[in-house]
Amino acid sequence: MPLRLFNTLTDEKQDFTPVRPGRIGIYVCGITVYDLAHVGHARMLTAFDAAVRALRWTGWQVNFVRNWTDVDDKIIRRANERGEDPQQFAARFIDECRKDMQALNILPADAEPKATEHIPEMIELIGKLIERGHAYAAKGDVYFSVRSFPDYGKLSKRNLDDLQSGARVEPGEQKRDPLDFALWKAAKPGEPASVTWQSPWGPGRPGWHIECSAMSQKYLGITFDVHGGGKDLVFPHHENEIAQSEAASGNQLANFWLHNGFVTIDAEKMSKSLGNFRTIRDLLGQWDGEALRAFLLATHYRHPINFTEAAVADADRRIEYFYETLAKGDAYLSQKKYTGGEPRPVDEHVAAFRDAMEDDFNTAEAMARVERVYGFVNARIDAKAPPAEVAALLHTARTLSHVLGLVARAPLDAIRERRLVAARRKGIDPAEVDRQIEERIAARKAKDFKAADAIRNKLASIGVELRDGPQGTDWRVLL
RNA sequence: GGCACCGUAGCCAAGUUGGUAAGGCAAGGGACUGCAAAUCCCUCAUACCCCGGUUCGAAUCCGGGCGGUGCCUCCA
């Protein structure tokens, strides 16, 4: 099956055709770093990470660019409030964000350009726009003249007259038309030197949109394959990028535009004003990073996801099931002294998974396919199937999970780590649990099942579940 | 007001270039177990917000409603 992608530009699912055969250039608008990243950022990161992994796995040579916006009004304001230099402030949050990304198993992009490191490219692009009559300088600011670009609105399906009514001019702005937007902002009194650059129009700093036009062109060329980001960027950010890039070059910016849906909380968009804002960091204190990732991948990237504890718990259960199955499979093969070498994946399952991912990155469908494979692993082990058969299924489950960026750890390590996270969430003391288990083992040896059951019930009441097996007694935290 | 999106079982969620409803959770039954848990097997939507229309055939297309969300200002 060919790769099919839903394109915001055409509002339909289309067969993908690359600019250059076998290669895909992708630019995704990253994060503006003025605070810890939230679950919405996690969704964007996870969606495009899974997409890139899937593309590589299916044989595409991918050039993936994800930028950092490290200069903007909010960064400057926040940094000022804390008496910190804006550049250092932004750099600090990039570091914090990278920690979160690691926990979510997000791979680094091929290039992660920062806006502040591409000021000359932006100045050059702005110069070209002025030259071509699409932009004008006014008292140290430079604005893009929206009316000079006839295609304006083609991505967000808006017409200029509708926009006109809602547009407004901030005090101090020098716009000729309220719809025009800033390419360059003159430095204001008191702004730190670290966020002020010299330009032909005087000292200042770039507007938000121009960085993506400049950086995407630098790393991916004039017309590239895929441009992505959150749905809220469609207007005005991506619309403005298109206007800048296409007005400057006369060519299409990107052939496919992909936008991920929002994460909502209690069915409302997260926002600071509503106070329903959840940072990744906050969640990682309670949940396993892979469980969060699985939660985000369980819904198609374009649809909204409603964040609930129950939904994350559900995803957590799946990750648990995956690791338990891997551990059981590994144990089975080693017990059977299996030495069949590198097993072949099971074609049927690989094909079903691949079809799902190539259908507009349908991770929900793909997850269901993977789960089925784990189910087969367990079923065949229970049926005492030949090790070679189990090995093939196990290998398939692992491979496909890795494409989704799941199950990255050694099973036994993961199970132990996950249990600690869960115990912390529930306020359970692992050492105390171990002590009680010792007591119960003694009771069971003495055939005092009444005492043994009493201990189990006591532990169950605080959310600890015991598992008696041939190797002794193990425990898990109930969700 | 303009522009998009969404409405599928108790819950979550695929399927929407039409062909007769994936999967998960929960629930019930069974195997296994000292009892459990884990695991496996079986059952679980004549039905896809409502009303019309097109069609041999519609959850999928068209029209009209109802309900919800987002964007139109910074926002993943």
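Since the model is a prediction, treat every value here as computed from it, not as a measurement. Note on naming: letters A, B, ... go to the chains in the order of the sequence lines (proteins, then strands), and numbering restarts at 1 for each one.
- Counting only heavy atoms from C-beta on, A/D314 has its side chain closest to B/C25 among B/C25, B/U39, B/C74.
- The P atoms of B/C66 and B/C25 are separated by 39 Å, rounded to the nearest whole Å.
- Across all strands shown, B/A21 remains unpaired; no Watson-Crick or G-U wobble contact has both distances below 3.5 Å.
- Between the C1' atoms of B/A58 and B/G15, the separation comes to 13 Å (whole Å).
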Please report, to 0.1 Å, the donor-acceptor pairs under 3.5 Å made by any side chain of residues 45-54 of chain A, with sequence neighbours excluded.
residue, atom, partner, partner atom, Å
A/T46, OG1, A/A42, O, 2.6
A/D49, OD1, A/L107, N, 2.9
A/D49, OD2, A/R53, NE, 2.8
A/D49, OD2, A/R293, NH1, 3.0
A/D49, OD2, A/R293, NH2, 2.7
A/R53, NH1, A/H402, O, 3.4
A/R53, NH2, A/N105, O, 2.8

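- If you check every strand for non-hydrogen atoms under 4.0 Å, A/A311 touches nothing.
- Contact check on A/E290 versus A/R409 returns a salt bridge, with a Lys/Arg side-chain nitrogen under 4.0 Å from an Asp/Glu carboxylate oxygen.
- Using the Watson-Crick or G-U wobble rule with both distances under 3.5 Å, B/C61 pairs with B/G53.
- Taking only side-chain atoms of A/D453, from C-beta outward, the nucleotide of B/G34, B/C74, B/C40 with the closest atom is B/G34.
- Going from atom CZ of A/R419 over to atom P of B/A38 covers 16 Å, rounded to whole Å.
- Of the residues in residues 469-479 of chain A, not one comes within less than 4.0 Å of RNA chain B through any heavy atom.
- Relative to the six-membered ring of A/F262, A/K269 meets both conditions, a distance below 6.0 Å and an angle of at most 45° to the axis.
- A donor-acceptor contact under 3.5 Å is not formed by the side chain of A/R369 with the base of B/G24.
- You'll find the side chain of A/F376 reaches within 4.5 Å of the side chain of A/H349, heavy atoms only.
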Quick test: give all pairs of protein nitrogen or oxygen and nucleotides 14-16 of chain B nitrogen or oxygen below 3.5 Å, distance rounded to 0.1 Å.
residue, atom, partner, partner atom, Å
B/A14, OP1, A/H300, N, 2.7
B/A14, OP1, A/H303, ND1, 3.3
B/A14, O3', A/N362, ND2, 2.8
B/A14, O2', A/E365, OE1, 2.7
B/G15, OP1, A/N362, ND2, 2.9

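- For B/U16, there is no paired nucleotide, since no Watson-Crick or G-U wobble pair has both relevant distances below 3.5 Å.
- Separation of the C1' atoms belonging to B/C12 and B/A26 is 11 Å when rounded to the nearest angstrom.
- Nucleotide B/C5 is matched to B/G68 when pairs are restricted to Watson-Crick or G-U wobble geometry with both distances under 3.5 angstrom.
- Distances shown here put a side-chain N or O of A/K269 below 4.0 Å from the OP1 or OP2 atom of B/C71.
- Counting only heavy atoms from C-beta outward, the side chains of A/R205 and A/M122 never approach each other to under 4.5 Å.
- Nucleotides B/G10 and B/A45 are separated by 11 Å at their P atoms, to the nearest Å.
- The side chain of A/K74 approaches B/C74 more closely than any other nucleotide in the set B/U17, B/G23, B/C74.
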Audit row: A/R467, A/W475, side-chain contact (heavy atoms from CB on, under 4.5 Å) steps and yes/no: CA-CA 6 Å; A/R467 295 185 186 179; A/W475 61 281; over 6 Å; no
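- Taking atom P in both B/A21 and B/U60, one finds a spacing of 14 Å when rounded to whole Å.
- Residues satisfying the ring-ring contact (aromatic ring centres under 6.0 Å, His included) test with A/H41, not counting sequence neighbours, are A/H38.
- Under the 3.5 Å distance criterion, with hydrogens and angles disregarded, a donor-acceptor pair is assigned to the side chains of A/T473 and A/D468.
- Considering only the side chain of A/F235, B/C71 comes nearest among B/G24, B/A22, B/C71.
- With both pairing distances under 3.5 Å, B/G34 is matched to nothing as a Watson-Crick or G-U wobble pair.
- Centre separation under 5.5 Å together with a plane angle under 30° does not hold for the ring of A/F262 and the six-membered base ring of B/G70, so they are not marked as stacked.
- Counting only heavy atoms from C-beta on, A/F449 has its side chain closest to B/G34 among B/U39, B/G34, B/C72.
- The list of salt bridge (charged side-chain N to carboxylate O under 4.0 Å, His left out) pairs with a residue in residues 296-306 of chain A, not counting sequence neighbours, reads A/R302-A/D360.
- Comparing B/C40, B/A22, B/A76 by their closest approach to the side chain of A/D382 singles out B/C40.
- RNA chain B lies under 4.0 Å from at least one heavy atom of each of the following residues of residues 316-328 of chain A: A/R317, A/R318, A/Y321, A/K328.
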